[in-house]
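Note: hydrogens, waters and symmetry copies are ignored here, and every other heavy atom, side chains too, is used.
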Amino acid sequence: MTSLNPPATILVVEDNPDDFTIFEFALRGAQIQNPVVHVEDGAAALDYMFARGKYSDRATYPIPGILFLDINLPKVNGIKVLETLRGTREFSSIPVVMVTVSDSSQDVLRSYESGSSLFVQKPVVPENLIALSGAITVLQAASTVQEG
Amino acid sequence: MLGLPNHLSCVLVVHATSDEGYALNKALDSDFDVIMTTSITDAEELLTGYDFDVILSDYDLIEDAGKQFLQVCQDKQPAASRLLLSSAHNQDQMLQYIHGRHIDAWLPKPVDPKILLSAVHSASRASRLIRERSSLIGELAEANARIYSERQRLIEINTELRTLLAIATHDLREPLRSTRFFLDRCLEALDQKTEMPKEYLERVKSAHERMDGLLHNLREWLHLQTGEIDLRTVELQTVVAEAVDSLSRLISERHVVLQYPSTWRAVQGNAPLLRSVVENLLANAIRFSVDGPPQIELHCEQTERGTVRVAVTDHGIGIDPEYHSQIFGMFKRLESRKTFPGTGAGLAICQKIIQRHHGSLGVDSTRGNGATFWFEIPAAPS
């Protein structure tokens, strides 16, 4: 990044408070200043995306420009969230970065199959996010070309 | 069946005349326990009362009942050898009996006492071998069944251990990640001679405590999985009183209102483990009751299945049925650690304990309507 253009909201789905602190630190380190919304489980992530319950006001909870999605989440796991988003036309090409732990080749494979090719490994460091920003820009350009 | 006190082989002699009986008894008496009868009805009764090695019958007596009597012998005493005494002119009939396996051998009359003795000895040895073989086959089948069931148990344990290992390596890494991150920040602060944020050190400490908790739960789970568990008659009343006592501080802080059943039952169980289950369920019921003083009801009932069902009902936040299966997983949690602290191992450990009691544990709940956690284990033998 250092900033998505226009500065879109980043939705971070992470149940572990320390991992979220580490993530925020990495965002600051990568000088990413987009607004960040944090939810703690897969069900809340889906509520947010589909403007349900306490997230029904789109002005306060805008559709994010990108999601960082932990895989091992309470209630609805990250893969299931990804599948639901990819099955919805509106979110079929929204960039979703899957957040994995180091020994999760199975998770990576399932994420590919479910529609994400973007990964970042825990603990997330600024360099990861800077590297990802290039990939996201390219993907967004490609999706704009396809949709156009 | 009765065995005769000395360990001589036992022979049933079904003879026709008293002279014949005398002669047969004289020939066999020194080497065998001999029981004599001239009645087929009596013989059939004796077959249910004693274990015979050899059944020696006279064809002249059993002629009419014939095959039927021999069949009864075979059904009731399959290991006994069947010998038939008969005149030489019945040779064809006797050979048919041998082919049809109605008898094991034929002794033509008049039979020489020495030949008779040797034939009965040989028949007795055959009978003993059959008995030994069938007993060995039985033992072998039992051993095979034991090995099979043990193998199944080991496969199950192995699968559970693999799953646990995967979960453990994933979850144990989390506090390590946190510790490393916050210590790095502290070191940076030292290097840059800036103020070290106290919160970072507190989070290192908290990560350490989590690690300790996770390891403690793992050890507890492994012990439950592989250790011996002593089950005996346990009064649930005592178990519950102890659990309530160990939670007394939380109960008084949160002004918990506990309602008890009128009677408690006794179960077949392990008191310290059951206390831990009750304590866990009660603590959860208190923690997840967020509006005002928790109202918790305890129930206890004997079922028609010979089990006792204990239930803990709260009026707390409840659990969406969609997530019921997740809550019993090791280190699984539905709610944020910030709001509801804990390792997420409590219910997994409770379930393992109840499994080791040959029982089941479950939940009835919907979101926003409280929850009833229950377990059902065998009642104490009366």
Quick one: are B/Glu335 and A/Asp15 in side-chain contact, heavy atoms under 4.5 Å?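 SC-SC contact between B/Glu335 and A/Asp15 ruled out.
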So do the side chains of A/Lys75 and B/Asp320 get within less than 4.5 Å of each other, counting heavy atoms only?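 Side-chain contact under 4.5 Å: no.
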Compare every heavy atom of A/Pro74 with every heavy atom of B/Gln326, then report the nearest pair and how far apart it is.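 Looking at all heavy atoms of both residues, the shortest contact is OE1-C, 4.1 Å.
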Of the non-hydrogen atoms in A/Asp41 and B/Leu334, which two are nearest, and what is the gap between them?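 Minimum heavy-atom contact is OD2-O, 4.4 Å.
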Is it the backbone or the side chain of B/Arg333 that comes under 4.5 Å from a heavy atom of chain A, or both, or neither? backbone
Under 4.5 Å from a heavy atom of chain A, the part of B/Arg180 involved: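 Contact with chain A is absent: no heavy atom of B/Arg180 under 4.5 Å.
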Taken to the nearest 0.5 Å, the spacing of A/Asn72 CG from B/Glu174 CD works out to 11.0 Å
Report, as yes or no, whether the 6.0 Å neighbourhood of atom [atom1] on [X] holds more than 12 heavy atoms from other residues, nucleotides or ligands.
X: B/Glu195; atom1: CD; result: no
X: B/Asp291; atom1: CG; result: no
X: A/Arg110; atom1: CZ; result: no
X: B/His208; atom1: NE2; result: no
X: A/Arg58; atom1: CZ; result: yes

B/Arg203/A/Asp18 ion pair, N-O < 4.0 Å: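 Result for this pair is yes, salt bridge flagged.
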